[in-house]
**Student:** 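What follows is a structure written as structure tokens; I'll ask about it next.
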Amino acid sequence: MPSRPLSCGSKLRGGCLQGLADFLKGIGAARFGAMIAVTAALVGFFAFVIMRVTTPQMTTLFTDLSVEDSSGIIKDLERQGIQFEIRNEGSIIMVPKDKVTRLRMKLAEGGLPKGGGVGYEVFDKSDALGTTSFVQNINHLRALEGELARTIRAIDRIQAARVHLVLPERPLFSREAPEPSASIVVRVRGALEAGQIRAIRHLVASAVNGLKPQRVSIVDEAGQLLADGAATDADQAVGDERRTAYEKRMRKQVEDIVSSVVGSGRARVQLSADFDFNKVTQTSDKFDPEGRVLRSTQTREESSMTADNNGQVTVNNELPGNGQNSGVAAKDQSKKTEETNNYEISRTTKTEVTEAGRVNRISVAVLVDGIYTKNDKGELAYTDRTKEQLDRISALVRSAIGFDQKRGDQVEVVNLRFADAPSTAPIAEPSGFLGMLQFTKDDVMYFVELGVMMLLGLVVLFMVIRPLVKRILASDEVVAAISGVLSGPSASDESAPANSGQPLLPSGTASAIDVATVQGQVHAQSVHRVGELAERNPNETVAIIRQWLTEPAK
């Protein structure tokens, strides 16, 4: 009894191996290679999908790194065992998104990145006891240049900066000290504005003792001179910047008020302002003749008396006592009075100082589009604006710019049809679920990538794997069915004598007849089923029959 199951198992195992070998021979070498290729492709595809999904999302840790900072950061990341990516020749380092904040704080604790230069940290690890004054001065100059370079890089559009300072020492027995100077080389994205250039010059001049902004030169990476250090250049830059800012502000005001009437993007405004940058100082004196004030009065009186001696002048007449004998003589008396009055006239002194930057004249040109309406066909129809509308727009523009006819201001409002018609479709702003969660561009692209991969996985599963599995199962079913039909009668003949000698069931002959009936029905259904499978799969049926025909007889 125990040996029979072992024999059946070994026979079943051998039959399975023989069936597998027959199946492989039946499908042919081409189909077998195709199946291996498809299987390898599917394994590789799903491995890529799994690796891509399980790979953490990378984000930027630092950008615009120097070679020294990049090597230091990479060494620290390798020590911590954190995955990272290097891009743009080492200037950009990418790390997992969930670790970027912690890594920035950890690297900042270690003084990374240093900013591509040496700052005041040069004094942190120096031995002051064995350092000479010359080395200390050099380190101080290096630290000052490094700190200024870091500060300049914080300005928008500046990628990198290098600062060179010249701080000459005052020679002995010299009354005048040479002035310091500075030269700056910057690498920018785009172009720097005049205000940014002036800000850099004043920033460096304020940080260095005795340095003037006119002594600071700035050059970009292309060798273009942005500031040459001339005094006239600074004055001219101030004037141009002031005029440009004024024109920009006035143009925006006019464009806003006109666009609110004709529509957004349907007006073009050009404004030109003539400035006078001459500084004028004027002094004037004004006298009021009606406003008199007595300042001082001076009075002088004179009186004189003269005697008549008939014109004789003798010694006797001049002797004392002889005048009594001369009798009464005629006398001449005179009196003179002079009075001088000084008056102060009212006087007004006025000094006027007119600063540079006066507006001499403003010219404004406004171009507005017409009116677009839909006709019966749904097409846009153009209509010119009326003269009344143009006059009202002109009045608004005059009020916005502070129109002054005495100084020669001009305002022109013209209605012409634009080359591009207005778009009827409104621009959709981000709203709804995406606007509520405020997804970034990287998050959206990550979710889109996951969705595409899932969609491709489903397509491969239902369009490739499922038909392939069904085809393989159908081939196995055809082989089993045909094999059962062709080997069925012989098996029944061999088993008939064996079963005739002993009852199949304890119930006797009736039960044996019922079993035989059931087996006949099963064989009939198998034959019908094999016929249907042969009709649906003629190629596989022919291949199996040809294989049997080529096998040697046993």
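Values below: all heavy atoms of this structure, side chains included; hydrogens, waters and symmetry mates excluded. Quantities reported herein were computed from a predicted structural model and do not represent experimental measurements. The residues of the chain are indexed from 1 along the displayed sequence.
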**Student:** When rounded to the nearest 0.5 angstrom, what distance separates CD in Gln83 from CE in Met94?
**Tutor:** 11.5 Å
**Student:** Could you tell me whether Asn209 atom CG has more than 12 heavy atoms of other residues or ligands within 6.0 Å of it?
**Tutor:** no
**Student:** How close do Ala267 and Val258 get, heavy atom to heavy atom, and via which atoms?
**Tutor:** CB-CG1, 3.7 Å
**Student:** Is Val261 close to Val368 at the side-chain level, that is, under 4.5 Å between some pair of heavy atoms?
**Tutor:** no
**Student:** Leu107 versus Leu61: any side-chain heavy-atom pair under 4.5 Å?
**Tutor:** yes
**Student:** Say you draw a straight line from NZ of Lys252 to CG of Leu271; how long is it, rounded to the nearest 0.5 Å?
**Tutor:** 14.0 Å
**Student:** Determine the minimum heavy-atom distance between Lys212 and Ala205, stating which atoms define it.
**Tutor:** C-CB, 3.9 Å
**Student:** Enter the distance from Asp69:CG to Ile74:CD1 here, rounded to the nearest 0.5 Å.
**Tutor:** 11.0 Å
**Student:** Hey, mind stepping through Phe62 and Ile73 against side chain to side chain contact (heavy atoms under 4.5 Å, CB included) and telling me if it holds?
**Tutor:** CA-CA 9 Å; Phe62 292 110; Ile73 293 174; 3.6 Å; yes
**Student:** So do Ile152 and Val163 actually touch side chain to side chain, heavy atoms under 4.5 Å?
**Tutor:** yes
**Student:** For Glu193, does its backbone N or O pair with a side-chain atom of Gln196 as donor and acceptor, under 3.5 Å?
**Tutor:** yes
**Student:** Is there a donor-acceptor pair closer than 3.5 Å between any side-chain N or O of Ser260 and the backbone N or O of Ile257?
**Tutor:** yes
**Student:** Keeping the roles fixed (side chain from Arg417, backbone from Asp369), state whether a donor-acceptor pair exists under 3.5 Å.
**Tutor:** no
**Student:** How close do Arg157 and Leu192 get, heavy atom to heavy atom, and via which atoms?
**Tutor:** CB-CD2, 4.2 Å
**Student:** If every non-hydrogen atom of Ser181 is compared with every non-hydrogen atom of Leu211, which pair is closest and at what distance?
**Tutor:** CA-CD1, 3.6 Å
**Student:** Hey, are Glu145 and Arg142 close enough for a salt bridge, meaning a charged N less than 4.0 Å from a carboxylate O?
**Tutor:** no
**Student:** Heavy atoms, side chains only, cut-off 4.5 Å: are Val254 and Leu396 in contact?
**Tutor:** no
**Student:** How long is the gap from CG on Asp220 to CD1 on Ile184, to the nearest 0.5 Å?
**Tutor:** 12.5 Å
**Student:** Between Ile86 and Ile92, is the side chain to side chain contact (heavy atoms under 4.5 Å, CB included) condition met? List the steps.
**Tutor:** CA-CA 6 Å; Ile86 302 175; Ile92 299 177; over 6 Å; no
**Student:** Any chance you could lay out the side chain to side chain contact (heavy atoms under 4.5 Å, CB included) test for Ile362 and Ser272, step after step, and finish with the verdict?
**Tutor:** CA-CA 6 Å; Ile362 300 177; Ser272 176; over 6 Å; no
**Student:** Are any of the side-chain nitrogens in Lys374 or Glu379 under 4.0 Å away from the carboxylate oxygens of its partner?
**Tutor:** no
**Student:** State, yes or no, whether a side-chain contact exists between Val100 and Thr60 at a heavy-atom distance under 4.5 Å.
**Tutor:** no
**Student:** Pro168 and Glu179: which non-hydrogen atoms are nearest, and at how many Å?
**Tutor:** CG-O, 3.9 Å
**Student:** Any chance you could measure Arg201, atom CZ, to Ser217, atom OG, to the nearest 0.5 Å?
**Tutor:** 7.5 Å
**Student:** Once you round to the nearest 0.5 Å, how far does CD of Glu169 lie from CG of Leu167?
**Tutor:** 9.5 Å
**Student:** For a 4.5 angstrom cut-off between non-hydrogen side-chain atoms, does Val186 reach Arg153?
**Tutor:** no
**Student:** CD of Glu78: more than 12 outside heavy atoms within 6.0 angstrom?
**Tutor:** yes
**Student:** Would Arg249 and Glu247 pass as an ion pair if we require N to O under 4.0 Å?
**Tutor:** no
**Student:** Is it the case that atom CZ in Arg104 sees more than 12 heavy atoms from other parts of the structure closer than 6.0 Å?
**Tutor:** yes
**Student:** Is there side-chain contact between Val359 and Tyr246, with heavy atoms separated by less than 4.5 Å?
**Tutor:** yes
**Student:** Could you walk me through whether Met58 and Lys97 pass the side chain to side chain contact (heavy atoms under 4.5 Å, CB included) test, one step at a time?
**Tutor:** CA-CA 5 Å; Met58 307 297 284; Lys97 188 176 182 180; over 6 Å; no
**Student:** Taking the side chain as every heavy atom from C-beta outward, state whether Val366 and Gln270 have any pair of such atoms under 4.5 Å apart.
**Tutor:** no
**Student:** So does Arg175 get a backbone contact from the side chain of Arg170, meaning a donor-acceptor N/O pair under 3.5 Å?
**Tutor:** yes
**Student:** Other residues, nucleotides and ligands only: do more than 12 of their heavy atoms fall within 6.0 Å of CD on Glu176?
**Tutor:** no
